[in-house]
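To find a chain, count down the sequence lines: A is the first, B the second, and so on, and within it residues start at 1.
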Amino acid sequence: MTISTISARRRRISGELVAAVVIFVVIYSLLLAVAPFERNLYSFSNFVVLMMPLAVAVIGTSTVLITGGFDLSVAGTLGLSNVLATVLTSAYPDMGVPITIGILGLGLVVGLFNGVLIVLLGLQSIAVTLASYICMTGVALILLPAPGGSVPIEFTSMFKLSVGGFPAALGALIVLCLLWAYLSRTRFGTTLFSIGSDRQAAVISGMLVRATEVGAYAFAGVMYAIAGLFLTAVTASGDPNAGFPFLLTSFAAVALGLVSFRGGKGSAIGAVFGAGSLIALPKLLFGLRIQDFWSGAILGITILLALSLPLLSHVAKRRRRRPAAAAVTDTRSRKDLADVE
Amino acid sequence: MAFVEIQNVSKRFGATRALQRTSLALDRGEIHGLLGENGAGKSTLMKVLSGVITPDEGTVVIDGEMLQHGDPKAAREAGIGIAFQELSSPPNISVAMKLCLRDTPKNVLGMIAQKRLMSHARTVLDEYHAPYIPVDALISEVDLATKQQIEIIAGMRDAKRLLVLDEPTAALPDTAWLFARMRHLAAQGTSIIYISHKLKEIEEICSQGTVIRNGRNVGNFKAGQESEKELVELMIGRSFEHTYPEKRDADVRAVEPIVMVNRLSAGKVEDVSFSIYPGEVLGVAALEGQGQHDLFYALAGITPRTGGQVQITRGSARRDTALVPEERKAEALFLQLSSLFNLTVSTLADLSRAGLVSKKRERALGTARADGVHLPHTMLDKPVSALSGGNQQKVVFGRALSQDPACLILFDPTRGVDVPTKVELYDLIRSYAQSGRAVLMYSTEIPELVGVCDRVLSMHSGQFTGEFTGSLVSETDILRGALNLESMSAQRGTL
Amino acid sequence: MSNNTLPTDQTGTTILPDPRQESVPRRIGAFFAQPVVIVWIILVLMFPLSRIVSPNFPSLGQLESTLILGLFLVVVAFGQGFVILTGGFDLSLPQTIALGAFLTGYLANTGWPVMGAIVAATIGCALIGLINGLLVAHAKFPPFIVTLATGSILGSVLLGVSRGTPAQPSPAALSSLFSGKESFLGVPTPIWALVIFALIAYLIQMRSTIGRRTFAVGNSEIASRVAGVPVSSTLIIVYTIAGISSGLAGIMLLGYSSGADLNIGASWLLPSITAVVVGGSAIRGGAGSYAGTIGGALLLTVLGIDISAAGFSEGVKQILYGVIILIALIAARLGKDTGAARI
């Protein structure tokens, strides 16, 4: 049967993930081509450590995005995690491990808080997470009114270990990606994707929609906390507004990772590669001697190009096959309907 | 006490009472027909049984155990299986996953074991005599009939004690498989509620049944004891005759047509040609998913056309077409906004000057339009979501008429509408045609097409299979056309 | 057959007392349950409550500074709120503000008449909005990421073009108009600007045909198409208007702060969204009133003033903002059954 062979092939590797990897490989090989000083293990190791905060954060952002939600709390949790790590490790330099665990717990609690408000009270994810972002920035500002503080080297080195030249951070990233791949192959993952494509159908099918949604926010919260710890390791200091840039870059990375902004499609691993592309891009421009203020423009254009990729493949498909009936009831209308009933 | 006892279940949504002390009792292994028009409360009852909604009052007792309301899990554990009409599968999961949602094979790590899942799903499909369904396709990749079949099998797998089937044949071309599976399940002791408005099917498969109207029981019947006419009257609450307005008497084909469609292709529609004449109500009869949706939505300019020409002579009309779409809530109405807004939004130019809306004119125009469709004025300031189905449809009609189209396009315009409103809508359709305009109408109810339309085209697989005019407009013939029972290509030449 | 004593009509449908109609107390209750009314009541109460933080409050001066400072938020929140009404977001708002401020300052300093510079800058910002609108309406890209990308591009272009002259001093005429030192009929000029802008913006959002269409598109895109509402052109116009309002905010900010660097818009993105949400608009679009947004913007402003007067830190201010958003969301949720979207 043709239909089953097509689908079986597709399920093994998703087109979006391939595209995200290709975008990254193209940018990174260009970088290696124009910048000879990047062609060594040390630079690669640095690159990985530099991309860690964003790469880990987008695992969370894209998980929530796949359910059809928007999580802006990435900036708040990440910033607060950074500030807490700085303040606490300066005060208690020997308590690195308990502090780390405590911060992960905080991420979990914030995620649960978001999830419970969004799912149980039926509030809009983007508004709730905006509020929790602003609140957490406030807390961070109280703890550390201005950027600064010094993080003990023992703590930063915990995250910048290298094993035989290879950064342990890379190992951590791979572990997190494997964790995500694992989760996406469990019932939790199936439900996650089902919620994003048709929430009502998921409810009617008897999937554990509420628990899964709350779980997605909680998982994302932990990812943001980890990202904040890696950020602390990179900058070795605290900044109450450290999270703000991530508000936009995490969504840019997700776009470069070809995760759908409409839910139900995409892969957090793609988003990790998107984060890699985002970090490699300014380096590439530097290598090309393009002045750094143009990097924003190149980034914006790259995002728009990444957005048009699905459009191009759609056009190609249309050429190949007879056009399928245009789906008239778009997802938003379905959601409106669900809200009303 | 019966095996399944549904007692005095009530549920209201805003101003509408979907269920009013509805009761139903089934013996073990009984197949019970549930008859009622669209909007009679059948779907609400089913959602109560599935635990998706919590009723305001009433109890459901199965095999002596009281069902805990509002908890889908409890409903499943009580052995209730449901196959919904509005298909309930997320589009991006595999067929196997949908079939085995409750007993997904997992490996030691808790991951879904794809290979075992597939083979398990194959066993399930064999067990249900449907081995031809591809287990590894995505739900979005299989056709409507297969989706419906999957839905039914998934429901049957859950149904240890009670199965509810909601219009399962709407998308299923053939009842043989379904009825065989139902009899098999019933023989094992599962009771079945079979919701349909197809009387013949109910006669064939059910031992007895219940008719509900406006959320209440209005009668019980035993198979073969009541005439079809009596049941229909019970369903709609009044005599079936004399509800349709008189048709146009003269054949006006001598006049230039308003709509000329030449070899149109769009979506599932391939290469169809037809015309609609001034004063004419043209009906399209088709089973679910035969391309009628694409045809109507393409004419309304919503589905893109892929070939052919459409020529519409606008005359004094303001627009070529206006559409009353299939899904009232999802496609037609601005649910959060008032009826007044909904009635006037299509003709903002009429009530504004220099881009600013005159509240006075808006109200005057909105009131006039409400009068035109017999909508009470008190509805104007309410959010349209708070209106009953019938009143909502009046708002949709009022707005479509306000667009003053050369051709009014109606896709199943009486779905979920109460009978008095239906009659009013029929009159509106006829009088719009009489004003010299064209009307194109599709309905899931063939009797309705027979009653309302001057001419009916039957459609199958994206093609017209027959044309019925004047005295030829009869239910059985049209149904044969819709089923494509005989080639009627000879008649197509006359179009 | 009916075991019910309620009256029925000819179809047998029970006629229910509809909780939405009827009695005067209920109507009053429904009126006060509207998010707009709640926001304005809280806003009005804020002034006497300000006494808690400072014995000098409430005062005419406090009211005056609220309105002068509130002007900018009232302006940016209009553009943002108009876009949110369609179900989108404008994340290019900070860079558009910067463009408005920068271009006005730059042109005025190269000898253009101030009015000409303002018009040119406004057109420039309208173009940014137009591009956003085209990308959202025709390419069907998600607004969130489209405006993020265009904002990033615009910010970078501004940085590239302005090399060497990052800060632009404000033309004197503009400074005197928006710094709050000049008065007309005893009322500071920025307050006049606030009143005029609010009036025009109110008419656009709540009373114009484009406003109506925006509500329609935000409610349901497919229903809009069925109803014959031109979806694409509505979206394009909405984003263009948002660009213009951000540009105007930039011009006003240039005058207020007597000069502008390229970061002038950065701090306005989140408050613009916050004001809209606090004002009772649905963040997914389709419902919201500009009167509510004004209330939200002024409420946030007066809170900021009070917090500064109380000597609380920036951190406390942020936490309060966050909590207010949550309260507004929950209140709107609870009031959902009583108040439908109103125009």
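The residue among A113(B), P72(B), P91(B) with the most heavy atom pairs within less than 4.5 Å of chain A is P91(B). Among I82(B), V95(B), I112(B), the residue with the largest count of heavy-atom pairs under 4.5 Å with chain A is I112(B). The most heavy-atom pairs under 4.5 Å with chain A, out of D158(B), V52(B), L101(B), come from L101(B).
Here the CG-CD distance, from L99(B) to E151(B), works out to 10.0 Å after rounding to the nearest 0.5 Å.
Using a 4.5 Å cut-off between heavy atoms, M97(B) contacts chain A through its side chain alone, with no backbone atom that close. In this structure, chain A has heavy atoms under 4.5 Å from both the backbone and the side chain of L109(B). In this structure, the portions of T104(B) lying under 4.5 Å from any heavy atom of chain A include both its backbone and its side chain.
R305(B) is linked by a salt bridge (Lys or Arg N to Asp or Glu O under 4.0 Å) to nothing, counting only residues two or more places apart in sequence or in another chain. In this view, D56(B) and K11(B) satisfy the salt bridge (Lys or Arg N to Asp or Glu O under 4.0 Å) rule, not counting sequence neighbours.
Q149(B) and A130(B) make their closest contact through NE2-CB, 4.1 Å (heavy atoms, listed as atom of the first residue, atom of the second, distance).
If you check the side chains of S89(B) and K147(B), you find no donor sitting under 3.5 Å from an acceptor.
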